[in-house]
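Down below is the structure, laid out as structure tokens.
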Amino acid sequence: MEMEKVYDAKKVEEKWVNYWINNKTFSSKIDKTKKSFTIVIPPPNVTGSLHMGHALNDSLQDAIIRFKKMQGFNTLWVPGTDHGGIATQNVVEKLLKKEGKTKYDLGREKFIEKMWQWRQETGDTILDQLKKLGCGLDWDRTRFTMDEACSKAVKRAFKQFYDKGLIYRGKRLVNWCPRCNTALSDIEVEYHPEKGNLWYIKYPIKDSNEFLTVATTRPETMIGDTAVAVNPNDERYKNIVGKTIILPLVGREIKIVADYIVDMQFGTGAVKVTPAHDAVDYEIARRHNLEILEVIDANGNMTGLMEKYKGMSAKDAREQIVADLQEQGYLIKTEDYSHSVGKCYRCGTTIEPIMSEQWFLKVEEMSKRASQAAKDEKVKFYPASWKKPYTLWLDNLRDWCISRQIWWGHRIPVYYCVDEKGNKTNCPPIVEQETPTKCPHCGNTHLVQDNDVLDTWFSSAMWPFSVFNWGENPDNNEELKYYYPTGVLVTGHEILYLWVARMVQMGLEFLNDIPFSDVFIHGIVRDKHGLKMSKSKGNVINPLEIMDQFGTDALRFALAQSAAPGRDMQISNDSFLAARNFANKIWNASRFILMNKGELDISDEPIVKELSDKWILNEYNQTIKAVTRAFEVYDIDVASRTLYDFIWTKFCDWYIELSKIRMNSENVEEKKQVLSVLIYVLKGTIKMLAPIMPFICDELWSIFNNTTDSIVNSSFPVYDEKFVFADEASQMAVVQEIVSKIRNVRSEMNISPAAFITAKINILDDKKTSVLENDSEYIKSLAKIKDLSFGKDIKREKNSALAVATGFEIFIPLEGLIDLEKEKARINKEINNVLSEQEKYNKKLSNPNFVAKAPEAEVARIKQKLADTESKIATLKETLNNL
RNA sequence: GCUCGGUUAGCUCAGUUGGUUAGAGUGCUUCCUUGACAUGGAAGAGGUCAGAGGUUCGAAUCCUCUAUCGAGCACCA
């Protein structure tokens with residue numbers, strides 16, 4: 001097998017993408033001998049194209065799926081897309097606009113046809129991109145939130161809710177987007193600070209010369225005022241509660257009411273109450289039985305409440321009304337005022353609270369259960385800090401406005417019996433899962449379906465079970481029983497309420513079980529300055545370009561490495577570059593091992609012989625423990641960094657370098673011995689890395705095993721007591737210390753890295769003699785020493801440099817004359833280092849409380865350290881004096 | 001306003017239950033094309049762990065307050 005010197009990601013990746021798909025590596029069937037582990041993908045919008053958020057979200061899920069699969073679970077990761085309601089309709093509407101048309105020109109039926117056609121053309125883009133990313137999804141199970149199965153689930157759910165009396169229709173104050181022309185739920189409104197004005201208006205009190213001044217940001221709604229409210233505790237207004245006001249411009253009489261919701265500190269402490277256009281006012285109106293007068297209509301224009309302003313936009317009406325108030329002397333003053341204004345989360349248009357006939361879902365019971373599930377840890381959050389916001393939100397939830405006045409989506413499955421003129425009859429609405437053909441009450445065949453569609457999140461909320469055909473077959477559904485509840489839900493926090501909380505509600509409602517036991521919440525990907533990526537800022541990093549430039553494994557590793565649960569990550573080309581280099585490092589380490597292996601027959605089990613073998617197996621074993629644990633609690637970042645450190649620092653920088661002695665040996669058995677360890681550890685390591693960097697790992701796996709089977713079909717390494725070598729680990733630390741000290745001298749004294757040198761080691765600590773006796777070959781090899789002698793009472797010769805390790809003095813005779821000044825400076829520096837260390841220990845030990853109260857072992861440890869530093873300093877000072 | 005999270009090297013971040021001379025990557029400096037890798041190797045410089053109190057023999061780690069950044073929620077007449 002030819003391996004190129006530089007890892008060629010593109011060549012390798014394409015091959016494995018096809019392999020995994022063609023071999024159905026990730027397809028899953030019910031297998032009751034195995035436990036299932038399921039993830040349902042957060043379905044990206046059909047209109048979408050892969051961005052960094054997807055890349056992060058999906059490579060994390062892929063890592064988890066691959067890890068669990070290698071652990072022996074029957075894993076299933078279900079792919080799919082979301083129809084994306086308003087967002088998608090907006091996209092197609094924009095396309096129409098380019099042709100100079102509106103959806104009304106086409107009509108509902110033709111428009112929906114166009115939507116489907118467009119979906120057909122573009123809908124698979126993002127799925128293809130997920131394939132390129134290497135995602136181990138079961139492609140035969142690809143779902144769409146508006147396909148048959150999901151549609152049936154939606155209808156079944158709606159009917160069950162309806163029959164239980166949880167769904168009702170009514171005219172309520174709702175959030176209305178005048179641009180999208182639809183109602184929105186409370187969480188679909190985003191609040192942004194905006195500069196505006198606060199107008200102070202005089203409201204004359206009837207039968208008196210007095211006025212009550214109100215402050216408002218929305219003077220245009222005053223013509224719909226049906227009261228003025230003050231706080232019952234407000235001394236200023238105590239005597240006027242119950243009195244009547246003559247509404248300026250309108251002349252209508254309204255009452256002054258007392259309500260605790262009014263903040264005495266704000267404005268004048270008197271609030272004009274416009275129930276039809278403000279949530280708080282609406283509440284006040286309900287408490288005081290106030291009349292509700294609509295001022296603004298669904299288009300954002302003034303109603304006919306007052307002829308003068310009829311048909312004006314709310315914005316124009318505001319100017320006109322302020323002008324009129326001013327003219328008639330009612331306006332006292334205008335202040336600049338900054339406040340939060342609700343915006344449509346899909347188009348950014350200012351939300352208009354209006355009265356509107358809508359469908360609502362009562363959520364109180366469901367919310368209680370969903371909240372309790374988290375409180376009982378049946379649904380666990382990673383990180384746990386998201387539990388509180390989640391429960392808090394659920395505990396204070398109001399009914400969910402589920403109807404939307406758009407065309408793209410699940411049409412509400414409610415039918416009305418109508419007469420020949422199309423007017424609704426007195427028969428009750430018909431709610432059936434199957435489309436009814438006649439009215440069950442009167443037999444009439446003239447039926448019309450409700451015009452509204454459901455909130456897109458309604459169908460998303462059922463995703464974890466609708467994908468398993470719950471809509472068609474809710475009971476005795478083997479797949480549902482086997483795969484549900486799923487193992488983990490992976491998402492960013494921005495859809496915790498919109499989606500996650502609702503899935504838990506619906507899962508408990510319809511399946512009487514949570515939809516997933518774990519929720520893994522990752523951060524969002526920001527640019528290198530910490531800013532959110534957005535098209536308008538122009539700081540978007542396209543993952544497809546990164547894949548092209550650095551390789552998909554590099555992209556995945558870079559993301560995984562910074563994906564600490566719950567924390568946002570700043571990412572730049574540097575991260576991808578480092579990850580690409582890492583891939584190359586693994587590639588070349590493998591290439592080196594294979595080159596040496598050649599045609600040799602190597603034992604599958606590691607043949608343990610030397611110190612370094614035991615050391616690396618010990619390290620490898622610890623790595624297994626750490627990585628497994630990290631994957632299990634979704635610390636993918638920890639798993640990544642642990643593997644990076646093990647592979648690069650431990651395996652490559654130390655073990656491979658140490659293995660070169662035996663590799664170069666004439667003795668074939670020796671070579672085979674060290675190769676058995678090298679290959680054993682490398683194979684285990686790429687298994688651990690495979691969930692994160694699947695391409696290169698599968699490629700190497702196939703090369704090493706001369707197999708075509710994917711690495712995900714092998715089993716994840718398991719921690720093994722037989723590889724625990726604590727003594728060898730500390731011996732190796734001694735070797736490493738000596739090597740580092742010698743290298744330091746070499747570097748500081750400008751000894752050529754190519755030169756082989758002589759070194760003499762004076763042993764001060766008898767306990768460490770064995771290390772030199774057994775392992776001096778390592779030191780010679782790594783520190784480039786041709787002649788190494790050691791023993792007790794070895795003295796420094798003239799013209800040698802000194803290095804001090806714990807328990808050793810190392811003398812390095814220099815060619816020619818030693819540069820005295822340089823050596824003095826070097827030793828002085830070292831003395832200072834050790835002195836500062838010594839000072840710390842002295843301070844500790846001179847504290848009687850420390851000696852008395854600290855654990856004995858800790859005191860002993862510090863005493864030993866102090867002794868070490870003292871001996872080092874003595875050696876260094878002596879040498880300095882002799883120079 | 002309330003709640004939560006962050007603040008550690010120039011930059012990006014680690015730091016498990018309090019006890020290592022506070023670590024890594026990147027950038028910087030010096031040296032090196034040595035037969036896996038220059039997408040590499042070796043060495044080095046660089047940090048009052050945001051600040052102030054407190055608990056403790058001992059605090060980057062625990063507690064309180066402050067500053068600052070961010071998120072969520074509420075209010076915004």
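What you see is a predicted model, and the numbers here were worked out from it, not measured in a lab. By convention in this document, chain letters (A, B, ...) are assigned in the order of the sequence lines, proteins followed by strands, and residues within each chain are numbered from 1.
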Can you tell me how far P in B:rU26 sits from the matching atom in B:rG70, rounded to whole Å? 30 Å
What's the CG-C1' distance between A:L392 and B:rC73, to the nearest Å? 7 Å
Protein-nucleotides 12-15 of chain B N/O pairs closer than 3.5 Å?
| residue | atom | partner | partner atom | Å |
| --- | --- | --- | --- | --- |
| B:rU12 | OP1 | A:Q570 | NE2 | 3.4 |
| B:rA14 | OP1 | A:R567 | NH1 | 3.3 |
| B:rA14 | OP2 | A:R567 | NH1 | 3.2 |

Please determine whether a side-chain nitrogen or oxygen atom of A:N664 lies at a distance below 4.0 Å from atom OP1 or OP2 of B:rG35. no
Check the angle between the aromatic planes of A:W386 and A:H493 and answer parallel, tilted or perpendicular using the 30° and 60° thresholds. parallel
Under 4.0 Å, heavy atoms only, any strand: does A:L198 hit a base, just the sugar-phosphate, or nothing? sugar-phosphate
So does A:E190 pair up with A:K343, basic N to acidic O under 4.0 Å? no
CH2 of A:W393 versus C1' of B:rA71: gap in Å, rounded? 17 Å
Interatomic distance, A:N581 CG vs B:rA24 C1' [rounded to whole Å]: 15 Å
Does A:S367 offer a backbone N or O that forms a donor-acceptor pair with the side chain of A:S371 under 3.5 Å? no
Length of the CG-C1' vector between A:D653 and B:rG25, whole Å: 13 Å
Would you mind classifying the nucleic acid contact of A:F582 as base, sugar-phosphate or nothing, using non-hydrogen atoms under 4.0 angstrom? nothing
Determine the interplanar angle of the A:Y497 and A:W393 rings, folded into 0 to 90°, and report it as parallel if under 30°, tilted if 30 to 60°, perpendicular if over 60°. parallel
P atoms of B:rU55 and B:rC2, separation to the nearest Å: 27 Å
Whole angstroms only, please: what is the CD1-C1' distance between A:I586 and B:rG40? 15 Å
Just jot down the salt bridge (Lys or Arg N to Asp or Glu O under 4.0 Å) partners of A:R526, sequence neighbours excluded, or say none. A:D568
Side-chain N or O of A:W648 versus OP1/OP2 of B:rG41: is the shortest distance under 4.0 Å? yes
Starting at CG of A:D574 and ending at C1' of B:rG10, how long is that distance when rounded to a whole Å? 13 Å
Check whether the ring centres of A:F520 and A:Y382 lie less than 6.0 Å apart, and answer yes or no. no
What's the closest nucleotide to the A:N588 side chain, out of B:rG25, B:rC37, B:rA71? B:rC37
On RNA chain B, more 5' by nearest nucleotide between A:P389 and A:S590 is A:S590
Let me have RNA chain B in dot-bracket notation, would you? Count Watson-Crick plus G-U wobble pairs, both distances under 3.5 Å, and use [ ] for pairs crossing earlier ones and | for inter-strand partners. (((((((..((((.....[...)))).(((((.......))))).....(((((..]....))))))))))))....
Looking at every strand, decide which applies to A:K660 at a 4.0 Å heavy-atom threshold: base, sugar-phosphate, or nothing. base
Does A:Y841 have a side-chain nitrogen or oxygen under 4.0 Å from the phosphate oxygens OP1 or OP2 of B:rU21? yes
Counting only heavy atoms and a strict 4.0 angstrom limit, can you tell me which residues of residues 262-271 of chain A come near RNA chain B? A:V262, A:D263, A:F266, A:V271
So, is A:K784 near the phosphate of B:rC31, with a side-chain N or O under 4.0 Å from OP1 or OP2? no
Taking the side chain of A:N584 as its heavy atoms from C-beta onward, which of B:rA45, B:rA42, B:rC37 lies nearest to it? B:rC37
Sort me out a list of protein N/O and nucleotides 57-60 of chain B N/O pairs below 3.5 Å, or just none if empty.
| residue | atom | partner | partner atom | Å |
| --- | --- | --- | --- | --- |
| B:rC57 | OP1 | A:K853 | NZ | 2.4 |
| B:rC57 | O4' | A:N849 | O | 3.4 |
| B:rC57 | O2' | A:N847 | ND2 | 2.6 |

Keeping the roles fixed (side chain from A:S747, backbone from A:N744), state whether a donor-acceptor pair exists under 3.5 Å. no
With heavy atoms under 4.0 Å as the rule, sort A:R580 into base, sugar-phosphate or nothing. base
Walk me through whether A:T628 and A:I624 qualify under side chain to side chain contact (heavy atoms under 4.5 Å, CB included). CA-CA 6 Å; A:T628 304; A:I624 293 172; 3.9 Å; yes
Please name all residues satisfying salt bridge (Lys or Arg N to Asp or Glu O under 4.0 Å) with A:K853, sequence neighbours left out, ordered by chain then number. none
A:F592 has a side chain; which of B:rA38, B:rA36, B:rU21 sits nearest to it? B:rA36
What is the distance from CD of A:Q864 to P of B:rU20, rounded to the nearest Å? 16 Å
Looking for any heavy atom pair under 4.0 Å, which part of the strands does A:V214 touch: base, sugar-phosphate only, or nothing? nothing
Counting heavy atoms from C-beta on, name the nucleotide in B:rC73, B:rA36, B:rU20 closest to the side chain of A:R861. B:rU20
Are the side chain of A:N396 and the backbone N or O of A:L392 linked by a donor-acceptor pair below 3.5 Å? yes
Show your working on side chain to side chain contact (heavy atoms under 4.5 Å, CB included) between A:E830 and A:R826 and close with a plain yes or no. CA-CA 6 Å; A:E830 181 72 5; A:R826 206 178 59 76; over 6 Å; no
Verify, without hydrogens or angle tests, whether A:E737 (side chain) and A:T806 (backbone) share a donor-acceptor contact under 3.5 angstrom. yes
Just N and O in the side chain of A:K585: are any of them under 4.0 Å from OP1 or OP2 of B:rG41? yes
Hey, does the side chain of A:R580 reach the backbone of A:Q549 with a donor-acceptor pair shorter than 3.5 angstrom? no
Could you measure between the two C1' atoms, the one in B:rG58 and the one in B:rU39, and give it in whole Å? 45 Å
Interatomic distance where CD1 belongs to A:I696 and C1' belongs to B:rU39 [whole Å]: 12 Å
I want to confirm an ordering. Mapping A:S740 and A:N750 to their closest nucleotides on RNA chain B, which one lands closer to the 5' end? A:N750
Which whole number of Å gives the distance between the C1' atom of B:rA50 and that of B:rG25? 23 Å
I'd like to know if A:R641 and A:D637 make a salt bridge, using a cut-off of under 4.0 Å between side-chain N and carboxylate O. yes
Please determine whether the number of non-hydrogen atoms from other residues, nucleotides or ligands lying under 6.0 Å from atom CZ of A:R236 exceeds 12. yes
The test is ring pair (Phe, Tyr, Trp, His ring centres under 6.0 Å); show your working for A:Y203 and A:F211 and say whether it passes. CA-CA 5 Å; A:Y203 278 23; A:F211 295 96; 10.0 Å; no
